[in-house]
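Notes follow once the structure below has been shown.
Computed over heavy atoms, backbone and side chain alike; hydrogens, waters and symmetry mates excluded. Keep in mind it's a predicted model, so treat the numbers as computed, not measured.
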Amino acid sequence: MFTPDMDKAMVDLIDQRICERRSTEERQVTGNNLALQEFDPTEKELTYYKLDPDRLSRRTQLIRLVTLQVLNRQLRKTLPLIDFSVRGNVSRLAGLVRAVRKVIFWGTKDSMWQEALQAS
């Protein structure tokens with residue numbers, strides 16, 4: 001039911017709208033720590049991101065959110081172990097991660113960047 005373009009749209013919706021709306025000074029909401037009850041896109045937002053609310057039930061949206069969160073958690077553990085300086089045809093794993101980069105939450109990318117900066 002979900003296509004790669006829909007997954008990217010879902011990540012963009014979460015990163016650009018939902019997390020921004022839900023974050024406060026006390027709590028920075030990311031795609032990774034977004035609770036299911038906090039995922040509350042409006043019909044207008046779903047339509048804007050080309051996630052047809054008539055085709056995607058609330059249950060389907062939530063299942064996809066959880067799927068993307070699990071993927072991001074696993075990538076978060078794995079990314080530090082991957083050498084991205086090599087070409088995709090040399091490292092199949094690096095090539096696969098490059099292929100799914102559009103479904104990695106900004107929070108996953110940012111936390112890795114912050115850790116790399118602190119380590120240097």
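How far CD1 of Ile14 is from CZ of Arg21: 11.5 Å, rounded to the nearest 0.5 Å. Here the straight-line distance linking atom CZ of Arg76 with atom CG of Asn72 works out to 10.5 Å at 0.5 Å rounding. To the nearest 0.5 angstrom, Leu79 atom CG is 12.5 Å from Lys77 atom NZ. Rounded to the nearest 0.5 Å, atoms SG (Cys19) and CD (Gln28) are 8.0 Å apart. Thr47 OG1 to Lys50 NZ: the interatomic distance, rounded to the nearest 0.5 Å, is 10.5 Å.
Remark: the backbone N or O of Thr108 is paired with a side-chain donor or acceptor of Ser111 at under 3.5 angstrom. Of the possible polar contacts, none joining the Glu20 side chain to the Arg17 backbone as a donor-acceptor pair under 3.5 Å is found.
For the side chain to side chain donor-acceptor pair (under 3.5 Å) test, no residue two or more places apart in sequence or in another chain qualifies with Thr67. With sequence neighbours excluded, the residues satisfying side chain to side chain donor-acceptor pair (under 3.5 Å) with Arg22 are Asp40. Residues satisfying the side-chain contact (heavy atoms from CB on, under 4.5 Å) test with Thr60, not counting sequence neighbours, are Met1, Phe2, Leu56, Ser57. Shown here are the salt bridge (charged side-chain N to carboxylate O under 4.0 Å, His left out) partners of Lys8, two or more places apart in sequence or in another chain: Asp12. Asn33 pairs by the side-chain contact (heavy atoms from CB on, under 4.5 Å) definition with Arg27, Val29, Thr30, not counting sequence neighbours. Under the rule for a side-chain contact (heavy atoms from CB on, under 4.5 Å), the partners of Gln114 that lie at least two apart in sequence or sit in another chain are Asp110, Leu117. Shown here are the side-chain contact (heavy atoms from CB on, under 4.5 Å) partners of Lys109, two or more places apart in sequence or in another chain: Ile104, Trp106. A search for side chain to side chain donor-acceptor pair (under 3.5 Å) contacts involving Asp52 returns nothing, not counting sequence neighbours. Qualifying side chain to side chain donor-acceptor pair (under 3.5 Å) partners for Asp15, counting only residues two or more places apart in sequence or in other chains: none.
Side-chain heavy atoms closer than 4.5 Å link hydrophobic residues (I, L, V, M, F, W, Y) into clusters, and following such links, even through other members, never connects Ile63 to Leu51. A chain of hydrophobic side-chain contacts below 4.5 Å, direct or via other Ile, Leu, Val, Met, Phe, Trp or Tyr residues, connects Phe39 to Leu36. One hydrophobic cluster holds both Val70 and Phe105 under the rule that ILVMFWY side chains link at heavy-atom gaps under 4.5 Å. A continuous path of hydrophobic side-chain contacts links Val66 to Leu68 [ILVMFWY only; heavy atoms under 4.5 Å]. Leu34 and Leu71 fall within a single hydrophobic cluster, where Ile, Leu, Val, Met, Phe, Trp and Tyr are joined by side-chain heavy atoms under 4.5 Å apart, directly or via other members.
Each salt bridge (charged side-chain N to carboxylate O under 4.0 Å, His left out) pair with one or both residues in residues 53-73, not counting sequence neighbours, appears once here: Asp7-Arg64.
Taking all atoms of both residues into account, the shortest heavy-atom contact from Glu43 to Pro53 is CG-CG, 3.5 Å. When every heavy atom of Gln61 is checked against every heavy atom of Leu46, the shortest pair comes out as NE2-CD1, 3.7 Å.
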* Asked: Run the side chain to side chain donor-acceptor pair (under 3.5 Å) check on Ser91 and Asp83 step by step: do they pass?
  -> CA-CA 8 Å; Ser91 171; Asp83 182 0; over 6 Å; no
* Given the rule in the side chain to side chain contact (heavy atoms under 4.5 Å, CB included) test, do Thr3 and Met6 qualify, once you have shown the distances and angles that lead to the verdict? -> CA-CA 5 Å; Thr3 66; Met6 291 171 75; 3.2 Å; yes
* To do: Show the numbers, then the answer: is there a side chain to side chain contact (heavy atoms under 4.5 Å, CB included) between Tyr49 and Met10?
  => CA-CA 7 Å; Tyr49 286 94; Met10 183 92 157; over 6 Å; no
* Audit row: Tyr48, Leu13, side chain to side chain contact (heavy atoms under 4.5 Å, CB included) steps and yes/no -> CA-CA 9 Å; Tyr48 176 83; Leu13 167 65; over 6 Å; no
* Evaluation steps, side chain to side chain contact (heavy atoms under 4.5 Å, CB included), between Glu45 and Ile18 -> CA-CA 10 Å; Glu45 288 172 330; Ile18 308 295; 4.1 Å; yes
